[in-house]
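Before any comments, here is the structure.
Values below: all heavy atoms of this structure, side chains included; hydrogens, waters and symmetry mates excluded. Just so we're clear, the structure is a prediction, and the values are computed from it rather than from any experiment.
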Amino acid sequence: MSREEWGFVIRSSLDARPERVWDRISTMRGVNDELWPLLRMTHPAGLDRLPDDAPTGVRLFRSWVLLFGILPIDYDDLTLARIEPGRGFLETSRLLTSRRWEHERTVDPAPEGSVLSDRILFEPRLRAAGPALLRIIRTLFAHRHRRLRKTFGGRPL
């Protein structure tokens, strides 16, 4: 059986300098604000901010993904392949729903502030779930970008 990958890219122009955006998106508080009220992700106490020197290639922690902040529907064995403080990261994790999950997030300077890009690539554990998961994850990231534009101002790209 061949493996099937699904993915997309979503970008927003934000009316804030990259440093200000990074200060928000590199925290679990910021991540959970982006996800709210649809989802919330758990994290270990005392680990709210992505450390600049976070180890790569090893699981940092398991984060439970909670629907409406209550009902566990997935988990993320959060693993970073790369972190560039102030610029972005590449997460290469395993989820309950996906044997492979890549989330690359970058913040680039722009004349009006910054451009935030999310590249998602995943391989569902159940091949038939690919189309439904793609719709759900795209909708979730569109929601996240709307929340970021509400926080910082900006527009979709």
Side-chain angles (χ1 to χ4, degrees), residues 3 5-12 14 16-108 114-126 129-130 132-152 154:
R3 294 186 173 184
E5 295 178 339
W6 298 80
F8 62 93
V9 174
I10 184 168
R11 300 173 68 220
S12 288
L14 300 175
R17 300 300 313 148
E19 304 80 28
R20 187 166 162 235
V21 174
W22 179 257
D23 281 345
R24 179 83 173 173
I25 67 169
S26 63
T27 67
M28 289 304 295
R29 183 179 195 175
V31 168
N32 281 325
D33 183 63
E34 291 174 38
L35 296 169
W36 191 254
L38 305 175
L39 299 174
R40 181 173 66 85
M41 294 179 70
T42 65
H43 59 90
L47 186 63
D48 182 57
R49 179 170 295 282
L50 263 178
D52 288 352
D53 60 349
T56 57
V58 297
R59 184 178 90 170
L60 296 178
F61 58 89
R62 174 166 284 179
S63 176
W64 286 96
V65 179
L66 307 174
L67 182 64
F68 305 123
I70 301 168
L71 181 66
I73 58 167
D74 206 347
Y75 64 75
D76 181 350
D77 282 336
L78 200 123
T79 305
L80 295 174
R82 180 182 75 242
I83 183 165
E84 298 173 60
R87 168 79 169 84
F89 60 82
L90 173 60
E91 175 193 355
T92 56
S93 300
R94 292 182 184 269
L95 283 64
L96 178 63
T97 55
S98 298
R99 68 177 47 117
R100 193 171 116 232
W101 168 265
E102 283 189 16
H103 175 200
E104 183 175 33
R105 178 168 264 196
T106 57
V107 183
D108 294 307
S114 58
V115 172
L116 182 115
S117 302
D118 284 307
R119 182 186 59 82
I120 305 299
L121 184 67
F122 65 96
E123 183 183 335
R125 290 189 189 271
L126 298 173
L133 283 174
L134 179 63
R135 278 192 302 277
I136 291 166
I137 296 167
R138 265 192 172 157
T139 299
L140 179 62
F141 273 83
H143 170 77
R144 292 180 74 168
H145 276 246
R146 278 191 304 276
R147 300 271 299 170
L148 285 164
R149 290 191 305 268
K150 183 179 177 185
T151 298
F152 295 113

Exercise for the section: Compute the centroid of each ring, for H103 and then for F122, and state whether the two points are separated by less than 6.0 Å. Expected result: no
Problem - Test: E34 and R105 ion pair at under 4.0 Å - result: yes
Problem - Check: L116 and T106 side chains under 4.5 Å, non-hydrogen atoms - result: no
Problem - Side chain proximity check, I73 to L66, heavy atoms < 4.5 angstrom - result: no
Handout entry: Side chains of H143 and P37 in contact at under 4.5 Å (non-hydrogen atoms)
Key = yes
Problem - Reported CZ-to-CH2 distance for the pair R100 and W6, which is rounded to 0.5 angstrom - result: 14.5 Å
Handout entry: Neighbour count above 12 (heavy atom, 6.0 Å) for R149 CZ
Key = yes
Fill in the blank from the handout: Looking only at heavy atoms, the pair that brings S114 and A16 closest together is OG-O, 2.8 Å
Handout entry: Close side-chain approach of P55 and V58, heavy atoms under 4.5 Å
Key = yes
Handout entry: Evaluation steps, side chain to side chain contact (heavy atoms under 4.5 Å, CB included), between L50 and I83
Key = CA-CA 9 Å; L50 263 178; I83 183 165; 4.1 Å; yes
Exercise for the section: Please examine the side chains of V107 and I25, heavy atoms only from C-beta on, and report whether any two atoms are closer than 4.5 Å. Expected result: yes
Exercise for the section: Please check if the side chain of R125 supplies one atom and the backbone of L95 the other of a donor-acceptor pair under 3.5 Å. Expected result: yes
Practice task
Rounded to the nearest 0.5 Å, what's the gap from CZ on F8 to CG on D118? Could you check?
Solution key: 7.5 Å
Problem - Atom CZ of R11 with >12 non-hydrogen neighbours under 6.0 angstrom - result: no
Problem - Between CD1 on residue I136 and CG on residue L38, distance to nearest 0.5 Å - result: 11.5 Å
Practice task
Using the side chain to side chain donor-acceptor pair (under 3.5 Å) rule, collect all pairs that involve residues 42-54, keeping only residues at least two apart or in two chains.
Solution key: S26-R49
Fill in the blank from the handout: residues 48-79 vs ring-ring contact (aromatic ring centres under 6.0 Å, His included), sequence neighbours excluded, gives W64-Y75
Problem - Trace of the salt bridge (Lys or Arg N to Asp or Glu O under 4.0 Å) decision for R99 with E123 - result: CA-CA 6 Å; R99 68 177 47 117; E123 183 183 335; 3.1 Å; yes
Fill in the blank from the handout: salt bridge (Lys or Arg N to Asp or Glu O under 4.0 Å) test vs D33 passes for just one of R24, R40, R144, K150, namely R24
Fill in the blank from the handout: Between the CD1 atom in I10 and the CD1 atom in I137, the distance rounded to the nearest 0.5 Å is 12.5 Å
Handout entry: Pairwise distance CG(D108) to OG(S117) - rounded to 0.5 angstrom
Key = 6.0 Å
Exercise for the section: Could you label the plane-to-plane angle of the W101 and F141 rings as parallel, tilted or perpendicular, counting under 30° as parallel and over 60° as perpendicular? Expected result: tilted
Problem - Residues E91, R82: salt bridge by 4.0 Å N-O rule - result: no
Handout entry: Donor-acceptor contact present, side-chain T92 to main-chain E102, <3.5 Å
Key = no
Handout entry: Shortest non-hydrogen contact between L80 and A54, atoms and distance
Key = CD1-CB, 3.9 Å
Practice task
State plainly whether the residues D77 and R59 are in salt-bridge range, i.e. N to O under 4.0 Å.
Solution key: yes
Completion exercise
CE of M28 to OG of S63, rounded to nearest 0.5 Å, is 4.5 Å
